[in-house]
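First up is the structure itself, then whatever we jot down about it.
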Amino acid sequence: MSPTEVHGNPETYNPRKVLDHPDFQIVKEGDKLSPEANIAAFYNQNKEIHLVKKPKPKPGPGQVLLHVRATGICGSDVHFWKHGRIGDSMVVRDECGSGHESAGEVVEIGEGVSQWKPGDRVAIEAGVPCSQPACDACRTGRYNACPDVVFFSTPPYHGTLTRWHLHPAQWLHRLPDNVSFEEGSLCEPLAVALAGIERSGLRLGDPLLICGAGPIGLVTLLSARAAGAEPIVITDLFQSRLDFAKQLVPGVRTVLISRNKNPKEQSEIIKKTAGTPLTVALECTGVESSIHTAIYSMVFGAKVFIIGVGKSEQSFPFMHLSANEIDVSFEYRYANQYPKAIRLVAGGLINIKPLVTHRFSLEDAVAAFHVAADPAQGAIKVQIQD
Ligand SMILES: NC(=O)c1ccc[n+]([C@@H]2O[C@H](COP(=O)([O-])OP(=O)(O)OC[C@H]3O[C@@H](n4cnc5c(N)ncnc54)[C@H](O)[C@@H]3O)[C@@H](O)[C@H]2O)c1
Ligand SMILES: OC[C@H](O)C(O)[C@@H](O)CO
């Protein structure tokens, strides 16, 4: 399938074509929904969230029609709903479909698709790059840098949290029989963590700090344990999240971050907790004070790898970084991580199932968003299953 066709998909490329479709409507209370209806959760520029009904698409050449069976709600979905933007380039200007952590079942294939058949179970890679030979990012395998990527659920592209979703055949990954749809969906945040592990150069036996025990910090923790980091110290502002981390990975050391202590003071507690010089940090909050804490916790020559996303402009403790030759690097999504994520789950090296704390039906997707957005609910990963 040519990139023009991928990007020419009216469902993904030009949302207006879906929004203007006569069958597109916002579902109102009391509306009867057939089990076949293509419902989806959409937010908009007025910070509203609702179910919509949209047409069931037909696969074009190179495309596959999927029944989406499991979708996790990501922090970014909630952020787009509540704040209408992430940075300056991802802005909600209209109705926009949510969800990009999905797995599903093939129901129909388009012309020229030979690798899939109805009934196949797949994880859906939500970022579809242009794949043009002239695109350096795609040609060199760092396709997360493709300037023409269609990333589902990042405005203006609708998400995969819908019943029937069209996807290019080559951006699907087969799930082995022992990997559930739920786990297939979790391969998306796992891909984020694996990209961080790979690019940080974490090695067997490295003493590691993970900042933040949200879903990304926790999948990073699972991945780092599988990669053989030891000891691992994880931080968070909430004891409940640290308790969850301890249950997930027995033996992990925890530090509760206090807003009354500055990063240098926090780092002393972290170093004492580690009991050995820390050589790597995987920062999973994007919060400036946490990044500073990570930097001050490191030994000479260490690496601070920042997975978290935060304020557009942040300061760094320049002289400390310079005098200690600490490398700081960053991550933007991932490339080539899905096959690895699926192998690690299928092989039993990473058990991501405990991350799912709440499950909802597609019809109750709006309620699911409210739970995901409310810290008092204590959710780690909220999933919508169909
Ligand atoms: N780089 C990427 O491609 C990529 C992909 C996905 C997510 N992210 C980013 O990763 C980060 C984590 O995602 P998430 O879904 O786990 O978010 P989350 O908000 O659910 O979790 C963040 C956790 O960090 C904790 N925290 C906040 N401030 C802290 C501090 N000062 N010290 C220690 N802990 C602190 C919070 O209590 C929370 O438990 C976010 O910034 C998200 O945008 C980046
Ligand atoms: O895992 C992918 C991330 O959640 C996305 O980059 C999102 O934050 C914005 O598109």
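Numbering of ligands and ligand atoms starts at 1, following listing order.
- Close contacts between ligand 1 and Arg333 involve ligand atoms 2 (C), 3 (O) [criterion: under 4.0 Å to a heavy atom].
- Distance check on atom 17 (O) of ligand 1: every protein heavy atom falls at or beyond the 4.0 Å cut-off.
- Of all the atoms in ligand 1, the ones that sit under 4.0 Å from a non-hydrogen atom of Ser289 are 31 (N).
- The ligand atoms of ligand 1 that sit less than 4.0 angstrom from a heavy atom of Phe238 are 37 (O).
- Using a 4.0 Å cut-off to heavy atoms of Gly308, the atoms of ligand 1 that qualify are 9 (C), 10 (O), 11 (C), 41 (O).
- Of the polar atoms of Thr235, none of the N or O atoms is found under 3.5 Å from an N or O of ligand 1, judged by distance alone.
- Considering only non-hydrogen protein atoms, atom 26 (N) of ligand 1 sits nearest to Thr285 CG2, 3.7 Å.
- Ligand 1 places these atoms under 4.0 Å from at least one heavy atom of Val287: 28 (N).
- Here's the thing with Ile216: one of its N/O atoms is less than 3.5 angstrom from an N/O atom of ligand 1.
- The protein non-hydrogen atom at the shortest distance from atom 40 (C) of ligand 1 is Val309 N, 4.0 Å.
- For the salt bridge (Lys or Arg N to Asp or Glu O under 4.0 Å) test with Glu105, the passing option among Arg121, Arg69, Arg163 is Arg69; the others fail.
- When heavy-atom distances to ligand 1 are checked against a 4.0 Å cut-off, Pro215 comes that close through both its backbone and its side chain.
- Below 4.0 Å from some heavy atom of Ser290 lie the following atoms of ligand 1, by number and element: 30 (C), 31 (N), 32 (N).
- Around ligand 2 you find Cys74, Ser76, Met90, His100, Phe151, Thr154, Glu188, Val192, Arg333, each with a heavy-atom distance below 4.0 Å.
- Remark: distances from the non-hydrogen atoms of Cys211 to ligand 1 are all 4.0 Å or more.
- Closest to atom 37 (O) of ligand 1 among all protein heavy atoms lies Asp236 OD1, 2.7 Å.
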